[in-house]
Amino acid sequence: MSDHALNHLNPSQQEAVNSDCPHILVLAGAGSGKTRVLVERIAWLVQKNLASPMEIMAVTFTNKAAKEMLGRLDNLLNIPAKGLWVGTFHGLAHRFLRQHYETADLPQGFQILDSDDQIRLIKRLEKEMNLDDERFPPKQAQWFINNQKENGRRAAHIQPNGEYFTEVMLSIYQQYETFCQRNGLVDFTELLLRCHETLRDNSDLLAHYRKRFRYLLVDEFQDTNTLQYAWLRLLAGEDNHLFAVGDDDQSIYSWRGAKIENIHRFSQDFPDTQTIRLEQNYRSTETILSAANALIANNDQRMGKQLWTKGNPGTAIENYAAFNEFDEAIFICERMIQYQNQGIPLNEMAILYRANALSRVLEEALNRANLPYRIYGGHKFFSRAEIKDALAYLRLINFPNDDPSFERIVNHPPRGVGHATIDKIRDFASINQLSLWNASKQLIAEKSLPGRANNTLSQFVQLIEDLKEQNMDQELGEQTKSILLVSGLMDHFQQDRSEKGQAKVENLHELITATQQFAPDPNSLVSPVDEFLAHVTLDTGDDEPSTEQCIQMMTLHSAKGLEFDVVFIVGLEDGLFPHNMCLETPAQLEEERRLCYVGITRAKKHLTLTHAEQRRMNGRDMFHRPSRFLKEIPQYLLQDIRVRNRRTASSAKPYAHRSNYLPSTSVIDNTGLQLGQTVNHPKFGSGTIINAEGSGESARVQVQFDQYGTKWLVLQYANLS
DNA sequence: TGCTTATGATTTTTT
DNA sequence: ATCATAAGCA
C-alpha cells in the first residue's frame, strides 16, 4: 500500500495493519473499518515483501465476503493476487480435499451433501434401521452428527453413555458415516473435519502447508466453531502468523455452533498476542451509536468496547407504536416516501425483522404503495425444490451411484415408480451393498419386480442412460436444457398454471441460463459438471450486487456486515424480539440483545423502531408488550411518533381480501376465467378460483368455497357464473 | 400408484 | 395463516 493510503487510517487501524507481532487479535466494533484493515494488512504484507501472495491465506464465512475481499485486493495491489488463497472455510477445505483426495481417502468425484440432502439421508437410514422418526427426529440426529463432528469425534470414538436416546443417535451416526464413506459423500462439516484429520495425520502434508501459509487471516472470528478454530490452530502451528478480526458484540450464531469463547481463548492459545481495539465508528450518527452503546452495556459477557464518532448527533431515533401490523407497514411506507422526497435513494433504505414471517404484510403494503423492494435471504435459488430436482438429474447422469439424487428424481415427475417399488430397490441395494442405480439395473435384469413396476423402472433407467449417451460431449448448458425437456420436469411444472408453478418454470429457465454462463476454471482438477455441482452447493449465489433502486428487506441476521442510510427495525415486541424461544437462559437473551445491537448499528443516518400493540401470528391475535430492548435505549435519544388520525381496526386492514391483488396474467385458457376470480356455483354458493388445469373439455378449476371448502370442478359441468 | 385431504409445527442461516 | 409431510382413499 502507498503511504498515502496509510494516512487515511486512524492510529489503531494503522497499528493493526503494520504490526510486527506474530499474532494479532483485532476487536473491531461495528462500522470501524474491519474489512478495510484486513485488506490493507494483506496489501502491506505483500508490498513490504514480508510475504508473497503465495504465503497468505485469508478465511471468511461467506462467499460474498471472500469475493469482496478479493475485489478490494485487486484494486489495492494492482496485480491479480495470484497464488493467494482467499475463501470460505468450506471452500478452502474443499479445494484441499480435491487436491489430496487420495490421502484423504475419498474418491476423486466425491459429492457434497447440503443440509437438505443430509436430512434426507438420515431419514432414509432411520427407515432402514426401523427407527421411529417421531422419537428420533432426523433434525436432532443431524444436529447430533454435526455437533460430534465439530468436536472432532468420529462415531468410533464415542463411548456409549448408557442413555438409550444417545445410543440410538450414535448408531445413526455410525450408519451415516459408513454410508457416506462408501458412497463418496461429504457433508459441510465433513469437508472441514476431513481436511483437519488429513493434515493432522500426514506430517509431510502438514509441514508443506505450514511452510506455505506463513500468514493466516480470519474474518468474523467470533463466528468460528470449535472445528474451524482447531483447523486454524493446526495450520498456524508454532511459527506462523495469525491475524484474527472479530467483534464479540456481534456474535449472533451461537445457535449453530459458533463459540464466542474462541475470542477469549485466542490470547491464551497464542501467548504473544497483541490485542487491538477499533472503536472509532465511521458509519453512524452519534445518536445511533449512543443507543447501540447503551443497549449492549446491558450484557455481562463482554470484552468491552465503547464506540465513538466524530460525526454529528444526527436525528433522533423514531419510535412508533402501531395499532397492528398493517398500521406498522403503512407507517413505514409513508416514512419511506418522505425519505425518498428528501433525496435518499431507495436502495439506501432497509427494513429489518427478526423472523421471515414478518415480511409478508410489509410486502403487501409496499406493493400497494408502489415501492419496489428486494428481499434478501429466504429460499436460496439453488436450494429451491425444482432446482434441486434438476441438479439431481445432472448429478445422476454424471454419477449414477449418487443415491440421494436417485431417490429424489426416480419418481419425479411421477412416472409410476411408487413407494413399494422404491422400498424394494432400497432393500435390495442395502442387502447387496449396491447403489440404488445398480440395484435397479440388477432387479430389472433379474425380472424380479412385478410387471408394471419393472416397466416403469426400466423406462426411468433408459431415460437416464439416454441422457447420459446424448450428453457425453455436450456443453453444460445444452446438457441441462435437454435434461429438463427430456425428463419431463419442465413439462411437469408447466402443467401447473398457478403463480407458483409459473415461478418454478421461470426458475428452471434461469438455471439453464446459469449453466450456460458458468465459466469452468481451466486449471480445475475435475470436470466442468463436477465443478458446477460443487459450486452450487458451496455458493448459494444470492449476492448479486443490487444496483437497482429497491428497498432492502431482510432478517436481522442477514443484515450483519451491511449498512444503509435509513434503517427500520420492525416488530420490537417481547416474544418476537427478543423471541420467545430465546428467553430460557441469560446467554440466549444476551445473544438477542447483540442481534438488536447489530440491527441498530446498520443505520448510518436515520433509525426508526416500530412495534405493534396487536399482531396476528399463526392465525391468532397476539398482544405483545413493547420489547424490553426499547426500554434499554435512553429516552432522550428516542422520539415517539404519533399519527394524527389514529387508524381504526378497519382502516388499518384495507386489503384483508387478497383476491384483488393476483396478477392478471393468470388467465385460464379459453375460459374467460382467471385465478383469483370470484365465482358462483348453483349448489356451493360463492367461492374463489385458486387453481386450474387442463383445457377444452377436460379443463378443471379448483374453487375455494366460502362455506363448502375447496373442490375441483370440471368446467363443462360446473355451470359457474 | 398417486392424488386428496388431514395433521402438525412454525427463530435466526452458511456452508 | 401457511407450509410441509403423512396417512387415507380412488
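Naming convention: chains lettered A, B, ... in sequence-line order (proteins, then strands); numbering from 1 in each chain.
Checking B:dT11, B:dT15, C:dA6 against the side-chain heavy atoms of A:Thr88 singles out B:dT15 as nearest. Distance from the side chain of A:Thr555 is smallest to B:dT13 among C:dT5, B:dT13, B:dT14. Side-chain proximity of A:Leu538 to B:dT15, C:dA1, B:dT12: nearest is B:dT15. Counting only heavy atoms from C-beta on, A:His579 has its side chain closest to B:dT11 among B:dT11, B:dT1, B:dT15. Of the candidate nucleotides B:dT11, B:dT15, B:dT14, B:dT14 has the atom nearest to the side chain of A:Lys380.
A salt bridge links A:Arg426 to A:Asp423: one of the charged nitrogens lies within less than 4.0 Å of a carboxylate oxygen. A:Arg594 has a carboxylate O that lies under 4.0 Å from a charged side-chain N of A:Glu591, or vice versa, which qualifies the two as a salt bridge.
Proximity of A:Ser558 to the phosphate of B:dT13: a side-chain N or O atom is located under 4.0 Å from OP1 or OP2. Contact annotation: A:Thr537 does not reach the phosphate of B:dT15 (side-chain N/O to OP1 or OP2, under 4.0 Å). OP1 or OP2 of B:dT15 has at least one side-chain nitrogen or oxygen of A:Asn63 nearer than 4.0 Å. Distances shorter than 4.0 Å separate some side-chain N or O of A:Arg360 from OP1 or OP2 on C:dC3. A:Asn356 has a side-chain polar atom (N or O) that falls below the 4.0 Å cut-off from OP1 or OP2 of B:dT13.
Interface residues of residues 411-427 of chain A facing DNA chain B, ordered by number: A:Asn411, A:Arg415, A:Gly416, A:Val417, A:Gly418, A:His419, A:Ala420, A:Thr421; criterion, heavy-atom separation under 4.0 Å.
Below 30°, between 30° and 60°, or above 60°: for A:Tyr253 and A:His557 the angle between ring planes is between 30° and 60°, a tilted geometry. A:His535 and A:Phe518 have tilted rings, their planes meeting at an angle from 30° to 60° on a 0 to 90° scale.
Note on A:Arg620: nothing from the nucleic acid sits closer than 4.0 angstrom, heavy atoms only. Counting non-hydrogen atoms under 4.0 angstrom, A:Lys500 reaches the backbone sugars and phosphates but no base. As judged by a 4.0 angstrom heavy-atom cut-off over every strand, A:Tyr253 is placed among residues touching the sugar-phosphate backbone only.
Across the interface with DNA chain B, nearest-nucleotide mapping of A:Leu595 and A:His90 shows A:Leu595 to be the residue nearer the 5′ end. Where A:Asp133 and A:Gly619 meet DNA chain C, the nucleotide closest to each residue was compared, and A:Gly619 sits on the side nearer the 5' end.
The salt bridge (Lys or Arg N to Asp or Glu O under 4.0 Å) test applied to A:Lys560 returns A:Glu220, A:Asp223, not counting sequence neighbours.
Among pairs with a residue in residues 411-422 of chain A, none fulfils salt bridge (Lys or Arg N to Asp or Glu O under 4.0 Å), at least two apart in sequence or across chains.
One atom, CE of A:Met622, and another, P of C:dA1, lie 15 Å apart when rounded to the nearest Å.
A stacking contact links A:Trp255 to B:dT12: the aromatic ring centre lies within less than 5.5 Å of the base's six-membered ring centre, and the planes differ by less than 30°.
The aromatic ring centres of A:His611 and A:Phe577 sit 6.0 Å or more apart.
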